[in-house]
Amino acid sequence: MTASTDVPIAPDARLHAATHGSAAEPGATGRAGAKAILLGEHAVVYGRPAIAIPVRALGARAEARPARGSATLASTLYHGPIARAPERLNVTITAMRAALAAAGRPDAALDIAIDSSIPAERGLGSSAAVSAAVIEAVLGACGLAADDETMHELIQTAERAAHGAPSGLDARTVRARAAVWFERGRIEPVSVGHDLVFVIADTGVRGRTREAVAAVAERRKNDPRGVESALDELGMLATDLRADVSNGDRAAIGDAMNRAHRLLNGLGVGDPALDHLVRAATTGGALGAKLTGGGRGGCVLALARDAASAGELTERLTRAGAAAVWTTTVEGAA
Ligand code: PMV
């Protein structure tokens, strides 16, 4: 297939001709960013709201171009024919196939190159971001682009291959540029009253989202009242937090994060490595800290007092054994 002369037949009517790029361009690119959940992971699976923030320091980029021979994939995990790619790349391949099917070109052979700085399985939305980048690049190579809803559905198709019945929070937030409120599948912007400086520390332990989601479901079967009350509290914390973020009340935001961490531990999705970094963050001056994402490993999100104390917090978390530390600022009106 060629991106230049063919007029694509797109059975999915919601796709439209790409406006960027030119026919002479050899390949098309797609991009998406990392995300961190400020509050509401796991509770969103049961219809409660959540707030997520973009992590601008980390991102995924994909490039797709017509293949010379059979389709190939190039990433840090693998370089070779798609037909022989390891199972770990199933989500990415599902994303590629979903995009090709939507473009009406299920059999098109593309060479896809992926470059991502988002660590995988750390609760930072790596799978959704890589999928989003691949889908955008594949559609672009077919001369097409998707609206937000269609993009979301295509990313969700890939996310289902990653963890069963995803809430859609990751799929929505990896394409968001600012803090978002997520409720029942949809996002809205969150007003931010004051700059919020967050430090994210990686335990180095792989997060196990699928397992953690299953553990919460099992606990809910055995202790419906206890789990529902924790989920309700997480929902209320998220609602109050939205107002705290809007008012720039950092102390209240920190308190909510600390409480959420305890509730998540109570739901069985914690890990000693997470507790260790949460303690290091709070004793190191953070206003609050919690696990972020699916849990059972992955990352800790801590709220720093300001940019200067984020530097001290970074040192503290590194000394405490964090495998990597990033800082991200959510910009406020003041
Ligand atoms: O670990 P992550 O980044 O995939 O985040 C998962 C968030 C959960 O609420 C645990 C699951 C979901 O589908 O929202």
Side-chain angles (χ1 to χ4, degrees), residues 32-55 58-60 88 90-92 94-95 116-132 152-153 155-176 180-187 198 200-220 227 230-231 233-235 237-238 257 260-261 263-271 273-274 290-301 326 328:
K35 65 94 218 290
I37 301 173
L38 177 53
L39 206 140
E41 49 275 271
H42 290 288
V44 279
V45 176
Y46 300 94
R48 272 65 166 196
I51 297 178
I53 56 168
V55 180
L58 300 169
R88 282 188 76 183
N90 276 356
V91 177
T92 306
T94 305
S116 175
S117 57
I118 312 172
E121 298 172 285
R122 296 296 197 280
L124 297 179
S126 162
S127 68
V130 170
S131 295
H152 177 68
E153 280 165 34
I155 302 166
Q156 278 290 80
T157 304
E159 282 291 276
R160 280 182 207 106
H163 45 88
S167 65
L169 175 60
D170 282 18
R172 292 275 185 211
T173 52
V174 294
R175 301 182 64 240
V180 292
W181 171 262
F182 177 92
E183 194 168 11
R184 299 192 186 279
R186 313 209 72 83
I187 49 170
F198 292 97
I200 299 167
D202 183 1
T203 59
V205 177
R206 273 190 186 176
R208 286 162 283 156
T209 300
R210 188 187 272 268
E211 195 184 299
V213 169
V216 175
E218 183 63 24
R219 201 170 276 238
R220 188 162 168 264
V227 170
L231 297 173
E233 190 175 344
L234 284 164
L237 281 175
M257 292 171 74
H261 184 70
L263 287 166
L264 289 165
N265 263 337
L267 289 174
V269 300
D271 183 89
L274 289 165
K290 62 180 277 289
L291 71 86
T292 187
R296 296 215 162 174
C299 290
V300 159
L301 177 71
W326 305 274
T328 192

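Both ligands and their constituent atoms are indexed starting at 1 by order of listing. It should be emphasised that the depicted structure is a prediction, and the values quoted were computed from it without experimental measurement.
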Give the atom numbers and elements of ligand 1 that come within less than 4.0 Å of a heavy atom of [X].
{"X": "Glu41", "value": "9 (O)"}
{"X": "Thr209", "value": "1 (O), 2 (P), 4 (O), 6 (C)"}
{"X": "Val44", "value": "9 (O), 14 (O)"}
{"X": "His42", "value": "8 (C), 9 (O), 10 (C)"}
{"X": "Gly125", "value": "3 (O)"}
{"X": "Ser167", "value": "12 (C), 13 (O), 14 (O)"}

Member of Ile200, Ile118, Thr328 meeting the side chain to side chain contact (heavy atoms under 4.5 Å, CB included) criterion with Leu58: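 Of the listed options, the one satisfying the test is Ile118.
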
Side-chain donor or acceptor of Arg175 paired with backbone N/O of His152 under 3.5 Å: no

Sidechain-backbone polar pair: Glu183 side chain, Pro49 backbone, donor-acceptor under 3.5 Å: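 Checked: no pair found.
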
If you have a sec, work out which protein heavy atom is nearest [atom] and how many Å separate them, to one decimal?
{"atom": "atom 2 (P) of ligand 1", "value": "Asp170 OD2, 3.5 Å"}
{"atom": "atom 11 (C) of ligand 1", "value": "Val45 CG2, 3.8 Å"}
{"atom": "atom 7 (C) of ligand 1", "value": "Ile37 CD1, 3.8 Å"}

Note: Glu121-Arg88 ion pair, threshold 4.0 Å (strictly below): yes

Any Lys35 heavy atom less than 4.0 Å from ligand 1: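 Distance cut 4.0 Å: Lys35 passes for ligand 1.
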
CG-CG distance between Asp202 and Leu274, expressed to the nearest 0.5 angstrom: 9.5 Å

Minimum side-chain heavy-atom gap Leu234-Arg48 below 4.5 Å: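 Leu234 does not reach Arg48 side chain to side chain.
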
Heavy-atom check, side chain of Trp326 versus side chain of Ser117, under 4.5 Å: no

Stepwise side chain to side chain donor-acceptor pair (under 3.5 Å) check, Ser127 with Glu159: CA-CA 7 Å; Ser127 68; Glu159 282 291 276; 2.6 Å; yes

Any N/O pair Gly294/ligand 1 closer than 3.5 Å: yes

